[in-house]
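In this text, all values refer to a predicted model and were calculated from it rather than measured experimentally.
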Amino acid sequence: MRRLLFAISAAALWVASAGAAEIELLDVPGLAVKMVSFKGEIVEGDAKKFRDVVDSLDRVSVFLESPGGLVKQALEIGAEIRIRNFATVVSPDQECFSACGLIWVSGARRYMSPSSKIGFHAAFREENGEYKESGVANAEIGSFLTHLGLRIEAIRFFTVAGPNEFLLLTPESARVLGIEVYEQAGDEFTTPNQAPTADMFADRFMSYGIMRSRCQELFQLDKSIIDNGAQTSAEEGTRLVGAEKWVELWMSYLEQAKSQVRDKGSLLVCLETEARLRENGLPTGIDGPSFACSKASTATEKALCSDQNLWVRDRAMSAIFFYIRGIDNATMRKTMLADQRVWLKKRNACGDDTNCLDIVYGDRLRTFRDIDVSQPVNQ
């Protein structure tokens, strides 16, 4: 990645000094990611020109240096970039203003540096030598940014300044507004996970809340780790946006969490929440399967101990087993326990094949999606 970012910066400087075409594919040997430079005013036909350049490409980073231009063309280019998961880059000390900023924010991965000049103002039209804001164009911008998943504060930031002024975006203000950026500083860079947005902290806070309220009995979590994760997320989120906005942010995630539990059930939501936290490198309060790995003796038990993805599934299955044993209805309990013994034989037949275990656990847990071990046994 460092090599790629160095090449990005070098290529951007080369384009500026060599006076290359407005939209050009740069051939940098040894890089799997293709680089396309976009330099100059955005004019009619640029969207088509851009599509022609990238038509046969899969992995692309788009380097931007532009004073802005036609909003419609920029939105078409931005849509192409987002649909195809291209990255966008404004290199150190380069400028990307107005409609160019709309292209940059469309990137699936957005790169900038503290010295990148990315500026926004309201869309405007010229009438009799005067600049007037265009309500139609600003509405289209708002709709586009909403589809990108940006919240209202970011949309306002992009459209509030007058035609003759700019609001400059910094890495810190991007995080306040919920815009995930990769920040370049020399040959080093900071990822969104390393410097999260306020929205990411709100998502983490609510994820830890779900783990604490819905998943404790299912996974037998280390509560101190869960509580610390929630507290850290709340403190950092509040630091970024202030107490009032912080509450508003995490409350919106609370509504999403309630909807997910209704639609999927607590079991699947707990499994997904733990996986999401773990995939982002965050602690989940789980340090092994449901049994002590020091006592693992069979190939299956040793395989379960070797794969973190299986730890949480084994813990969930163990909790469900004890849940079944607590059912008062003897006939129901006997039938379900017999089914569980059949499943155990199937699981053990996987031996040390972790892919097989993943499938077997996944299939079995999906059959129990309506069980909530935190609630009284349903007869």
Side-chain angles (χ1 to χ4, degrees), residues 146-149 151 178 180 193 196-197 199-223 225-227 229-230 233-234 237 248-286 289-290 304 307-327 332 335-336 339-340 343 346-347 354-379:
T146 299
H147 280 87
L148 292 182
R151 51 182 161 85
E180 297 180 19
N193 270 339
T197 66
D199 303 64
M200 291 172 69
F201 280 122
D203 182 45
R204 291 180 183 182
F205 178 74
M206 185 47 52
S207 294
Y208 281 117
I210 291 172
M211 294 286 279
R212 183 173 49 204
S213 63
R214 290 282 183 171
C215 313
Q216 175 59 42
E217 293 186 41
L218 186 66
F219 297 151
Q220 295 300 302
L221 304 167
D222 184 328
K223 291 183 179 180
I225 290 178
I226 300 301
D227 290 344
S233 299
E248 180 183 328
L249 267 182
W250 73 257
M251 285 292 288
S252 68
Y253 281 88
L254 175 61
E255 294 306 313
Q256 294 178 29
K258 289 180 179 178
S259 176
Q260 288 184 342
V261 171
R262 286 194 300 269
D263 294 341
K264 299 180 179 180
S266 290
L267 174 59
L268 292 184
V269 168
C270 284
L271 291 169
E272 291 174 358
T273 301
E274 190 277 339
R276 186 168 66 252
L277 288 169
R278 180 161 40 84
E279 287 166 2
N280 286 321
L282 298 169
T284 64
I286 295 174
S290 64
L304 288 170
D307 191 331
Q308 289 190 15
N309 184 55
L310 294 171
W311 293 356
V312 67
R313 296 187 174 208
D314 184 69
R315 287 189 177 215
M317 190 61 71
S318 176
I320 290 172
F321 171 73
F322 286 106
Y323 179 89
I324 293 171
R325 287 182 59 181
I327 295 176
M332 180 185 297
T335 300
M336 293 183 73
D339 287 344
Q340 193 70 358
W343 174 81
K346 183 177 181 181
R347 184 202 72 170
T354 55
N355 288 329
C356 175
L357 289 169
D358 187 65
I359 293 171
V360 169
Y361 270 94
D363 289 344
R364 185 63 171 166
L365 287 170
R366 276 189 287 274
T367 67
F368 291 129
R369 60 173 294 166
D370 294 328
I371 287 181
D372 185 350
V373 299
S374 66
Q375 301 299 317
V377 175
N378 186 9
Q379 300 300 310

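- Between Asn193 and Met200, some side-chain heavy-atom pair lies under the 4.5 Å cut-off.
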Would you check, one step at a time, whether the test side chain to side chain contact (heavy atoms under 4.5 Å, CB included) holds for Asp307 with Leu357?
CA-CA 10 Å; Asp307 191 331; Leu357 289 169; over 6 Å; no

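- Pairing each heavy atom of Met336 with each of Ile327, the nearest pair is SD-CD1, 3.6 Å.
- Of all non-hydrogen atoms in Ala319 and Val373, the two that sit nearest each other are O-CG1, 4.1 Å.
- Of the possible polar contacts, none joining the Asn280 side chain to the Leu282 backbone as a donor-acceptor pair under 3.5 Å is found.
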Ile371 and Leu267: side chain to side chain contact (heavy atoms under 4.5 Å, CB included), yes or no, with the steps?
CA-CA 7 Å; Ile371 287 181; Leu267 174 59; 5.7 Å; no

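- Nearest approach of Tyr208 to Pro283, heavy atoms of both residues: OH-O, 2.8 Å.
- Rounded to the nearest 0.5 Å, atoms SG (Cys270) and CD (Gln260) are 11.0 Å apart.
- Taking CG of Leu304 as the reference point, atom CE of Met317 lies at 11.0 Å (rounded to 0.5 Å).
- For the atom pair CD1 (Ile286) and CD (Glu274), the distance works out to 4.0 Å, reported to the nearest 0.5 Å.
- For Arg151, the side-chain hydrogen bond (donor to acceptor under 3.5 Å, both in side chains) criterion is met by Glu153, Asp199, not counting sequence neighbours.
- Remark: Trp250 CH2 to Glu255 CD distance equals 10.0 Å, nearest 0.5 Å.
- Between the CZ atom in Arg325 and the CD1 atom in Ile320 there is a gap of 15.0 Å [rounded to 0.5 Å].
- Of all heavy-atom pairs between Gly285 and Arg315, the closest is O-NH1, 4.4 Å.
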Test log, rule side chain to side chain contact (heavy atoms under 4.5 Å, CB included), inputs Asp227 and Arg212:
CA-CA 8 Å; Asp227 290 344; Arg212 183 173 49 204; 3.2 Å; yes

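- Taken from OH in Tyr323 to CZ in Phe368, the straight-line distance is 10.5 Å, to the nearest 0.5 Å.
- Taking 4.5 Å as the limit, some side-chain heavy atom of Asp203 sits within range of a side-chain heavy atom of Arg276.
- Taking each heavy atom of Asp314 and Ser290 in turn, the nearest pair found is OD2-OG, 2.5 Å.
- Here the closest non-hydrogen pair linking Leu310 and Tyr361 is CD2-CD1, 4.5 Å.
- For the residue pair Arg278 and Thr284, no side-chain donor N or O sits within less than 3.5 Å of a side-chain acceptor on the partner.
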As a quick check of understanding, evaluate side chain to side chain contact (heavy atoms under 4.5 Å, CB included) for Cys215 and Ile210, giving each step before the final call.
CA-CA 7 Å; Cys215 313; Ile210 291 172; 4.0 Å; yes

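- With contacts defined as side-chain heavy-atom distances shorter than 4.5 Å, the pair Met211/Gln216 does not qualify.
- Within the structure, salt bridge (charged side-chain N to carboxylate O under 4.0 Å, His left out) contacts touching residues 259-270 (residues at least two apart or in different chains) are Lys264-Glu272.
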